[in-house]
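Nothing fancy with the numbering, it's 1 onward along the sequence.
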Amino acid sequence: MYKTIVVKYSPKAKEMAARIEDVANQMEQEGFELVSCSITPSSKGILVFRQIKAPQSTEVCEHEKG
């Protein structure tokens with residue numbers, strides 16, 4: 001699953017970087033990883049995230065349960 005977020009108008013590079021970092025950290029806590037980032041000529045950021053898949057549990061055979 002993918003999710004796209006638009007970062008508000010940020011004409012200064014440091015502001016844009018801070019906003020991207022904040023959104024990326026928040027999304028990571030929600031189980032998404034940053035895949036792509038693009039800055040538009042209108043000074044907005046477009047961030048694309050992909051949902052991190054949870055590791056699948058392995059089945060244990062009856063004789064291995066102990």
Side-chain angles (χ1 to χ4, degrees):
M1 179 172 153
Y2 288 87
K3 187 170 188 172
T4 303
I5 295 179
V6 177
V7 177
K8 293 181 182 180
Y9 173 77
S10 301
K12 298 189 180 204
K14 285 185 179 183
E15 289 176 14
M16 177 61 77
R19 286 185 179 180
I20 290 171
E21 186 176 326
D22 290 342
V23 172
N25 287 334
Q26 179 184 0
M27 292 301 292
E28 184 177 20
Q29 290 177 355
E30 295 178 22
F32 289 84
E33 66 180 344
L34 182 64
V35 175
S36 177
C37 175
S38 180
I39 309 302
T40 67
S42 62
S43 298
K44 294 181 181 179
I46 300 172
L47 310 179
V48 179
F49 295 89
R50 175 177 51 212
Q51 189 170 27
I52 301 170
K53 294 184 179 179
Q56 297 178 357
S57 62
T58 57
E59 293 184 25
V60 177
C61 297
E62 288 296 321
H63 70 277
E64 293 178 356
K65 286 186 179 178

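Sorted by first then second residue, the salt bridge (charged side-chain N to carboxylate O under 4.0 Å, His left out) pairs that include residues 5-28, not counting sequence neighbours, number zero. Applying the salt bridge (charged side-chain N to carboxylate O under 4.0 Å, His left out) rule to pairs touching residues 30-42 yields Glu33-Arg50, sequence neighbours excluded. Annotation: side chain to side chain donor-acceptor pair (under 3.5 Å) contacts involving residues 37-46, sequence neighbours excluded, comprise Thr40-Ser42.
Looking at heavy atoms from C-beta onward, Met16 lies in side-chain contact with Val7 at the 4.5 angstrom threshold.
The two residues Phe49 and Val23 make their nearest non-hydrogen contact at CZ-CG1, 3.9 Å. For the residue pair Gly45 and Ile39, the shortest heavy atom distance occurs at CA-CD1, 4.0 Å.
Here the straight-line distance linking atom CD1 of Ile5 with atom CD1 of Ile20 works out to 11.5 Å at 0.5 Å rounding.
Following chains of ILVMFWY side-chain contacts shorter than 4.5 Å, one cannot reach Ile46 starting from Tyr2, and the two form parts of different hydrophobic clusters.
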